[in-house]
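For the numbers below, each heavy atom of this structure counts, side chains included, while hydrogens, waters and symmetry mates do not. The residues of the chain are indexed from 1 along the displayed sequence. What you see is a predicted model, and the numbers here were worked out from it, not measured in a lab.
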Amino acid sequence: RGFARWLCPLAMLLATAAQAGDDGFAHPGWYAGLGAQGQFYLLQNDVESETAGLLTVNNTVGFMARGGYRVTSWFAAEAIYEYAPGFDLETDRSIDLSAIRPGLPTVPKGTKLLELSGNTATANAKFILPIWRVQPYLSLGLGGSIVSIDDPFDLTGASKAALAGRLGIGGDVYLTRHLVFFL
């Protein structure tokens with residue numbers, strides 16, 4: 001019920017913007033793009049508090065590819081693939097791993113215990129506000145994610161797969177009619 005209250009005004013706003021924004025930058029058709037991305041591990045503080053400050057997690061830089069079809073000036077169907085290499089879980093001081101499992105060594109500060117790499121792919125509905133060359137959007141999607149774990153000390157299991165959802169807010173900025181910068 002609360003969602004329907006917002007859906008009608010949003011549809012009217014998109015329809016009005018679609019009429020005003022049809023200046024050649026909101027044309028239907030296929031599109032594809034590549035981009036770099038920074039990914040931030042938002043549970044850093046949880047990891048540090050749960051391990052009494054023994055472990056830290058580094059952020060990473062990855063890439064993404066997207067492609068889709070713009071159906072109308074205000075709607076597109078798209079797919080996005082993202083790769084995030086190397087969220088490193090490192091020791092913040094020397095740790096005796098034999099306390100976890102007998103036979104493991106004592107490792108010095110800065111030792112990488114785990115490296116998490118992620119692959120995520122989603123199919124999305126992209127709702128666009130076509131305002132001239134600047135076009136904000138909301139993206140909603142569903143797909144899957146696979147996290148690969150490089151585990152030199154055999155502390156945990158192998159790769160994990162899970163359902164992935166996408167809620168994205170961004171913007172396309174048209175440099176030319178066919179060249180777009182997205183954020």
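- When hydrophobic clusters are built by joining Ile, Leu, Val, Met, Phe, Trp and Tyr residues whose side-chain heavy atoms come closer than 4.5 Å, directly or via intermediates, L140 is grouped together with I169.
- In the hydrophobic cluster analysis, where Ile, Leu, Val, Met, Phe, Trp and Tyr join through side-chain heavy atoms closer than 4.5 angstrom, L179 is grouped apart from M64.
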Working for side chain to side chain contact (heavy atoms under 4.5 Å, CB included), residues V173 and F182 = CA-CA 6 Å; V173 179; F182 62 90; over 6 Å; no
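- For the pair V134/L129, no side-chain contact is recorded, criterion being any heavy-atom separation below 4.5 Å from C-beta on.
- Atoms OG and CD1, from S73 and I128 in turn, are 8.0 Å apart once rounded to the nearest 0.5 Å.
- By the 4.5 Å heavy-atom criterion applied to side chains, L175 and V180 are not counted as neighbours.
- Contact record, A26 with P130: CB-CB, 3.8 Å, taken as the closest heavy-atom pair.
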Going through the checks in order, is the side chain to side chain contact (heavy atoms under 4.5 Å, CB included) test met by I80 and N124?
-> CA-CA 8 Å; I80 295 179; N124 312 305; 3.4 Å; yes
Q135 and Y174: CA distance, side-chain angles, deciding distance, side chain to side chain contact (heavy atoms under 4.5 Å, CB included) verdict | CA-CA 8 Å; Q135 301 186 0; Y174 280 77; 3.6 Å; yes
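- With sequence neighbours excluded, the residues that form a side chain to side chain contact (heavy atoms under 4.5 Å, CB included) with A125 are F75, F127.
- The closest side-chain heavy-atom distance from T106 to S94 is below 4.5 Å.
- Annotation: salt bridge (charged side-chain N to carboxylate O under 4.0 Å, His left out) contacts of R70 (sequence neighbours excluded): none.
- Under 4.0 Å is where a charged nitrogen must lie from a carboxylate oxygen, and between R166 and E78 no such pair does.
- The line from OG of S117 to CD1 of I146 is 12.0 Å long, rounded to the nearest 0.5 Å.
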Evaluate the side chain to side chain contact (heavy atoms under 4.5 Å, CB included) criterion for residues L142 and L163: first the C-alpha distance (whole Å), next the side-chain angles of each, then the deciding distance (0.1 Å), finally the verdict.
-> CA-CA 8 Å; L142 192 61; L163 185 66; 3.9 Å; yes
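- In this structure, S145 and T120 approach most closely via the heavy-atom pair OG-OG1, 3.0 Å.
- At most 12 non-hydrogen atoms from other residues, nucleotides or ligands lie less than 6.0 angstrom from CG of L183.
- We find the OG1-CZ distance between T176 and F25 to be 7.5 Å, quoted to the nearest 0.5 Å.
- Applying the ring pair (Phe, Tyr, Trp, His ring centres under 6.0 Å) criterion to Y137, with sequence neighbours excluded, gives no partner residue.
- Summarising the geometry of Y31 relative to K126, their closest heavy-atom pair is OH-CD, 4.0 Å, with the distance given to 0.1 Å.
- Between P136 and I131, the closest heavy-atom pair is CD-CD1, 4.3 Å.
- The two residues P28 and Y69 have their closest heavy-atom pair at CB-OH, 4.4 Å.
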